[in-house]
Amino acid sequence: MRTRGSARTAAAAAAAAVAAVLLLSGCGGDDGAGREPKQQEREEQQDAQDGDDGGEEGSAAGDQGAHAEDEARSITGEGLDGVWESIVDDNDIETLTITGDKVETTGPLSCPGTVTGAADPEPVIELACDVENPNRVRGTLELNEEGNRLFIGWEGQAWGGMIDSMIRVG
């Protein structure tokens, strides 16, 4: 009978080990629970703006193709002056033209604006639209080292604002 008792003990231990593995593997996924709520909201918003539905199937190839297409359309330059096009289809701002301290946007949000501190590390853009878009009123501009990408971090609610990514096309 000792053998039977040992077999039961071994089976119980194996079942407990399997249950522990299943429990741990179920908790190992990244569902965003470990991130700050503000950070998670901003990432979800950016994913939605970029058209990311959370699926990974085919996304690497699609991202590389879109990135290559953006790079082929973009030109390098110096400073903020130029014509910038959104890398996101159906964005509220399709193009942004900067000339000195003057700004003009096209697309659903077509309006004039200004840039202050163009030579500063974080220049500020302000739009003066007839129909105000609360998500895109005032923001900071960031130009990449190559001078062909522009990022606009719009001021927003407590979690932060919209982020527009643009490439230089003129």
Side-chain angles (χ1 to χ4, degrees), residues 29-56 58-60 62-170:
D30 182 14
D31 62 357
R35 293 179 287 192
E36 294 288 324
K38 293 177 188 176
Q39 171 83 17
Q40 186 174 354
E41 283 183 45
R42 178 174 259 170
E43 289 173 6
E44 288 171 0
Q45 177 191 21
Q46 186 63 37
D47 287 347
Q49 184 178 5
D50 291 343
D52 183 6
D53 63 359
E56 293 180 26
S59 66
D63 289 347
Q64 288 176 348
H67 181 67
E69 182 180 325
D70 287 346
E71 288 301 317
R73 291 184 306 152
S74 72
I75 59 174
T76 57
E78 292 193 26
L80 297 172
D81 284 357
V83 179
W84 301 90
E85 184 177 281
S86 175
I87 66 168
V88 177
D89 291 337
D90 300 325
N91 193 16
D92 285 349
I93 298 175
E94 291 175 4
T95 64
L96 170 74
T97 302
I98 302 174
T99 308
D101 63 348
K102 303 288 184 217
V103 172
E104 189 69 37
T105 64
T106 66
L109 186 63
S110 295
C111 54
T114 59
V115 172
T116 55
D120 295 344
E122 290 188 358
V124 174
I125 182 173
E126 290 188 67
L127 298 180
C129 303
D130 289 336
V131 178
E132 189 173 299
N133 178 326
N135 296 317
R136 291 178 175 90
V137 175
R138 185 175 200 277
T140 56
L141 301 171
E142 181 182 334
L143 186 62
N144 72 346
E145 289 182 20
E146 293 81 20
N148 65 343
R149 291 198 176 264
L150 179 68
F151 307 99
I152 308 171
W154 297 101
E155 292 178 357
Q157 302 170 6
W159 49 264
M162 301 292 287
I163 299 171
D164 284 322
S165 297
M166 312 196 93
I167 59 171
R168 185 188 303 264
V169 293

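FYI, side chains are in, hydrogens and waters are out, and symmetry mates aren't considered; it's all heavy atoms of this structure. Bear in mind that the values here come from a model prediction, so they are computed numbers and not experimental data. Residue numbers start at 1 and run along the sequence shown.
From Glu142, atom CD reaches atom CD1 of Ile163 across 10.0 Å, with rounding to the nearest 0.5 Å. In this structure, CG in Leu96 is found 7.5 Å from CG in Leu141, a value given to the nearest 0.5 Å. One finds the OG1 atom of Thr114 at 8.5 Å from the CG atom of Leu127 (value rounded to the nearest 0.5 Å). Going from atom CG of Asn148 over to atom CD of Glu78 covers 12.5 Å, rounded to the nearest 0.5 Å. Between the CH2 atom of Trp84 and the CZ atom of Arg149 there is a distance of 10.0 Å, given to the nearest 0.5 Å. The line from CD1 of Ile152 to CE of Met162 is 11.0 Å long, rounded to the nearest 0.5 Å.
Residues Trp154 and Asp164 have side chains that bring a donor and an acceptor to within less than 3.5 angstrom of each other. There is no side-chain donor-acceptor pair under 3.5 Å between Thr105 and Ser110.
Summarising the geometry of Val115 relative to Val103, their closest heavy-atom pair is CG2-CG2, 3.2 Å, with the distance given to 0.1 Å. Residues Glu94 and Pro108 approach most closely at OE2-CD, 3.8 Å, considering heavy atoms. Nearest approach of Leu80 to Ile98, heavy atoms of both residues: O-CB, 3.6 Å.
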Practice task
Please assess Asp89 against Asn91 for the test side-chain contact (heavy atoms from CB on, under 4.5 Å), listing each intermediate value before the final yes or no.
Solution key: CA-CA 6 Å; Asp89 291 337; Asn91 193 16; over 6 Å; no

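Residues that satisfy the salt bridge (charged side-chain N to carboxylate O under 4.0 Å, His left out) test with Glu126, not counting sequence neighbours, are Arg138. For the salt bridge (charged side-chain N to carboxylate O under 4.0 Å, His left out) test, residues two or more places apart in sequence or in another chain that qualify with Asp92 are Arg136.
Residue pairs meeting the disulfide bond (SG atoms under 2.5 Å apart) criterion with at least one member in residues 113-143, sequence neighbours excluded: Cys111-Cys129.
The backbone N or O of Thr95 sits less than 3.5 Å from a side-chain atom of Thr106, completing a donor-acceptor pair. Of the possible donor and acceptor atoms, one in the side chain of Arg168 sits under 3.5 Å from a partner among the backbone N and O of Gly147.
The number of heavy atoms from other shown groups lying within 6.0 Å of CG (Asp120) is above 12.
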